[in-house]
Amino acid sequence: LGTIQGWMDRLESEDGYLRRMRTQLAGINERAGRDLAFVVPSAVAVYELRHEVLRGNVPGVAHQSDLFVDAIGHPARPVVNLVTYVWFTTMYRRSPVGLTALIEADDANSAEREELLQRIAWNTVVAEPMSGVVGAPLVLEGVH
């Protein structure tokens with residue numbers, strides 16, 4: 001958990017990527033006179049998923065390495081689906097919880113895992129101040 005938390009802390013640090021991006025987007029919005037640039041926090045959501053894997057809370061995913069198809073970090077289905085839910089949530093400004101299109105019928109863990117991914121996506125997006133999405137976070141524990 002320490003390494004992942006370190007990455008997350010660096011994103012939010014004084015000169016971190018998220019802070020710099022928010023400042024840049026705020027300037028764009030100010031010049032436009034309205035909010036037209038938003039943050040889609042997909043990297044933060046993936047870090048949260050990795051935390052849940054370490055805690056043993058992701059059905060069908062025993063190790064962080066199960067989230068990637070190779071050693072250089074190309075994403076496996078759980079990461080791809082999570083990022084899809086993050087984009088869905090940000091674009092449509094609604095919760096992805098309950099969507100069934102990405103559930104795999106031949107995977108006994110898929111429905112539970114997808115619900116967890118949907119909840120992680122929702123929580124990550126509503127926690128991001130520049131996502132444009134407002135809502136209450138959902139409980140992750142006990143989902144599966």
Side-chain angles (χ1 to χ4, degrees), residues 1-55 57-61 63-105 107 109-144:
L1 284 176
T3 301
I4 295 170
Q5 190 58 52
W7 292 334
M8 292 177 75
D9 291 345
R10 280 193 298 281
L11 285 175
E12 292 287 354
S13 69
E14 191 67 35
D15 65 339
Y17 175 74
L18 275 176
R19 284 229 178 144
R20 291 190 330 263
M21 181 172 55
R22 286 184 194 118
T23 299
Q24 182 180 21
L25 295 179
I28 291 169
N29 290 342
E30 185 177 322
R31 287 188 298 281
R34 64 187 177 95
D35 289 346
L36 58 88
F38 302 92
V39 174
V40 180
S42 56
V44 175
V46 172
Y47 290 156
E48 291 298 336
L49 173 59
R50 293 180 74 172
H51 272 144
E52 292 302 314
V53 169
L54 289 172
R55 292 180 184 112
N57 294 337
V58 183
V61 179
H63 308 285
Q64 287 188 66
S65 59
D66 297 337
L67 299 175
F68 305 98
V69 296
D70 57 33
I72 60 173
H74 289 102
R77 183 172 295 272
V79 173
V80 171
N81 290 0
L82 174 62
V83 171
T84 299
Y85 295 134
V86 170
W87 274 94
F88 173 92
T89 301
T90 306
M91 288 173 45
Y92 296 107
R93 296 181 173 16
R94 70 181 197 101
S95 172
V97 176
L99 296 176
T100 60
L102 301 180
I103 294 174
E104 299 174 67
D107 180 348
N109 294 304
S110 183
E112 290 178 279
R113 184 176 53 250
E114 293 307 311
E115 183 176 350
L116 177 65
L117 297 175
Q118 293 165 353
R119 287 171 178 266
I120 291 170
W122 173 257
N123 289 353
T124 304
V125 172
V126 298
E128 169 51 55
M130 288 195 70
S131 70
V133 182
V134 178
L138 301 171
V139 174
L140 294 183
E141 294 180 27
V143 172
H144 57 280

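When reading the values below, keep in mind they use all heavy atoms of this one structure, side chains included, and skip hydrogens, waters and symmetry mates. Fair warning: this is a prediction, and the values are worked out from it, not measured in the lab.
No donor-acceptor pair closer than 3.5 Å links the side chain of Asp66 to the backbone N or O of Val61. Between the Ser131 side chain and the Glu128 main chain, a donor and an acceptor come within less than 3.5 Å of each other. At least one donor-acceptor pair under 3.5 Å links the side chain of Gln118 to the backbone N or O of Leu99. For the pair Arg10 (side chain) and Gly16 (backbone), a donor-acceptor distance under 3.5 Å is absent. At least one donor-acceptor pair under 3.5 Å links the side chain of Asn29 to the backbone N or O of Ala37.
Interatomic distance, CD of Glu30 versus CG of Leu25, reported as 13.0 Å (0.5 Å rounding). Leu49 contributes atom CG, which lies 12.5 Å from atom OG of Ser42 (distance to the nearest 0.5 angstrom). Atom NE2 of His63 and atom CG of Leu54 lie 11.0 Å apart (nearest 0.5 Å). Interatomic distance, Arg119 CZ to Thr124 OG1, rounded to the nearest 0.5 Å: 13.0 Å. Considering OG of Ser110 and CG of Leu117, their distance stands at 9.0 Å, rounded to 0.5 Å.
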Legend entry - Evaluation steps, salt bridge (Lys or Arg N to Asp or Glu O under 4.0 Å), between Arg113 and Glu52: CA-CA 11 Å; Arg113 184 176 53 250; Glu52 292 302 314; over 6 Å; no

Inset, instruction - Report the C-alpha distance between Glu12 and Arg22 in whole Å, list the side-chain angles of each, state the deciding distance to 0.1 Å, and finish with yes or no for side-chain contact (heavy atoms from CB on, under 4.5 Å). - result: CA-CA 10 Å; Glu12 292 287 354; Arg22 286 184 194 118; 2.9 Å; yes

Legend entry - Arg19/Asp15 under side-chain contact (heavy atoms from CB on, under 4.5 Å): CA gap, chis, key distance, verdict: CA-CA 7 Å; Arg19 284 229 178 144; Asp15 65 339; over 6 Å; no

Legend entry - side-chain hydrogen bond (donor to acceptor under 3.5 Å, both in side chains) between Asn81 and Glu114, worked out: CA-CA 8 Å; Asn81 290 0; Glu114 293 307 311; 3.0 Å; yes

Inset, instruction - Start with the C-alpha distance between Val97 and Leu138, add both sets of side-chain angles, then the distance that settles side-chain contact (heavy atoms from CB on, under 4.5 Å), and finish with yes or no. - result: CA-CA 10 Å; Val97 176; Leu138 301 171; 3.6 Å; yes

Inset, instruction - Decide side-chain contact (heavy atoms from CB on, under 4.5 Å) for Ile120 and Tyr85; before the verdict, give the C-alpha distance in whole Å, the side-chain angles of both, and the deciding distance to 0.1 Å. - result: CA-CA 9 Å; Ile120 291 170; Tyr85 295 134; over 6 Å; no

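With a 4.5 Å cut-off on side-chain heavy atoms, Ser95 and Thr89 do not count as touching. Contact check for Pro137 versus Trp122: no side-chain heavy atoms found under the 4.5 Å cut-off. When side chains are defined from C-beta on, Val44 counts as touching Leu18, because their heavy atoms get closer than 4.5 Å. Looking only at side-chain heavy atoms (C-beta outward), Met8 and His51 come within less than 4.5 Å of each other. Using a 4.5 Å cut-off on side-chain heavy atoms (C-beta onward), Trp87 and Thr90 make no contact. Pro41 is listed as a side-chain neighbour of Val125, based on a closest heavy-atom distance under 4.5 Å. A heavy-atom distance below 4.5 Å is not found between the side chains of Asn57 and Leu140.
Nearest heavy-atom pair, Asn109 versus Asp107, reported as atom, atom and distance to 0.1 Å: N-OD1, 2.9 Å.
Looking at residues two or more places apart in sequence or on another chain, you find a side-chain contact (heavy atoms from CB on, under 4.5 Å) between Val46 and Arg50, Val79, Leu82, Val83.
The side-chain tip of Arg93 points at the ring of Phe38 from less than 6.0 angstrom away and within 45° of straight on.
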